[in-house]
Amino acid sequence: MRIDVVSIFPEYLAALDLSLIGKARRDGLLDVNVHDLREHAHDRHRTVDDTPYGGGAGMVMKAGPWSEVLTGIRESAEPRSGGKRPVLIVPSPAGAVFNQRMAYDLAEEDHLVFACGRYEGIDERVVEWSREHFDVRPVSLGDYVLNGGEVAVLAMVEAVGRLIPGVVGNPESLVEESHSDGLLEYPVYTKPSEWNERPIPEVLLSGNHAKIARWRRDEQFRRTAERRPDLIFALEPESLDKGDRAVLAECGYEVGTDGVRAVEKP
Ligand code: JAH
């Protein structure tokens, strides 16, 4: 997979040389290219921003440098099978919220371009013009504001990159993880079996693998009900067995043919 990232702070993306993603790059699984937007500003001060039309606080990123860098990226990319366009991801608090499903979908692409905005954002005409050559996706990591898109891009490149075959050494660890079954993960423990007068849950020492699996799944439901009730309501009734329904009942939910609902409190 090819990834291009455009930023006025390319040093922010140095973290992509590290850890799993860095290894994937060295192994030739990921081709990551970081571009400095200022190299496409041609005045003496290398200006990339200007005041907003209509007034208001802050500055807006100018269209010219963006169109130049994006055109360069597009022209340097191989023409692709099926005429599929590269995906242009624009981190923005005004985007659709990024989730594991989007990570899986993006991991199927062969060219991702990330446009890191700063200030109040990028001139909207860049986004409109980009649709001619890119599949443009404004994406948010959640309902909070950062100073720019760089930190969001680090998160997305990691979430997508680790799903590319060969990047994670043990692909089994991709299956059993939070959100892949719509539930939060169960709690985990390691040695010593007692620490600070706190023993681990007894069942984990039982050697009864069916019982351990049931306990872990129950814990997933208890945690999810406590921390993320929105995920409980999104569960598909067909995916829930008798044990699942029993623990959901303990947590105050009942399962109908059309979905999960909260039980009226007495
Ligand atoms: C802020 C450009 N949802 C995370 C997120 C993503 C991007 C930005 N903020 C928050 C952002 C300023 C300029 C992007």
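Every number for a ligand or one of its atoms is a count from 1 in the order of the listing.
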(message) List ligand 1 atoms under 4.0 Å from Leu141, heavy atoms only on the residue side.
(response) 3 (N), 4 (C)
(request) Spell out, yes or no, whether Tyr119 and Val60 are grouped together once hydrophobic residues are joined by side-chain heavy atoms under 4.5 Å, including indirect joins. (result) no
(message) I need the nearest protein heavy-atom contact for atom 2 (C) of ligand 1: residue, atom name and distance, please.
(response) Gly117 O, 3.4 Å
(message) Is there a polar contact between ligand 1 and Arg118, counting only N or O atoms under 3.5 Å apart?
(response) no
(message) Do Arg74 and Val113 make a side-chain contact, defined as non-hydrogen atoms from C-beta onward lying under 4.5 Å apart?
(response) no
(request) Would you confirm whether the ring centroid of Tyr253 sits within less than 6.0 angstrom of the ring centroid of Phe221? (result) no
(message) One residue to check: Ser92. Relative to ligand 1, which of side chain, backbone, both or neither has a non-hydrogen atom less than 4.0 Å away?
(response) backbone
(message) Give me the nearest non-hydrogen protein atom to atom 8 (C) of ligand 1 as residue plus atom name, then the distance to 0.1 Å.
(response) Pro93 CD, 3.6 Å
(message) salt bridge (charged side-chain N to carboxylate O under 4.0 Å, His left out) for Arg125 and Asp123? Distances and angles first, verdict last.
(response) CA-CA 5 Å; Arg125 293 169 294 179; Asp123 188 315; 2.6 Å; yes
(request) Using a strict 4.0 Å cut-off to heavy atoms of Tyr144, name the atoms of ligand 1 that fall inside it. (result) 3 (N), 4 (C), 10 (C)
(request) Please state whether Tyr119 comes within less than 4.0 angstrom of ligand 1, counting heavy atoms only. (result) yes
(request) Check each of Leu30, Asp31, Val167 against Arg25 using the side chain to side chain contact (heavy atoms under 4.5 Å, CB included) test, and report the only one that passes. (result) Leu30
(message) Same cluster or not: Val157 versus Leu141, using hydrophobic residues (I, L, V, M, F, W, Y) connected whenever any side-chain heavy atoms lie under 4.5 Å apart?
(response) yes
(message) Heavy atoms only: which of Val151, Leu146, Val145, Asp143 lies closest to atom 1 (C) of ligand 1?
(response) Leu146
(message) Between ligand 1 and Gly142, can you find any atom pair, the residue atom being a heavy atom, that is separated by under 4.0 Å?
(response) yes
(request) Indicate yes or no: at least one non-hydrogen side-chain atom of Val5 is less than 4.5 angstrom from one of Glu150. (result) no
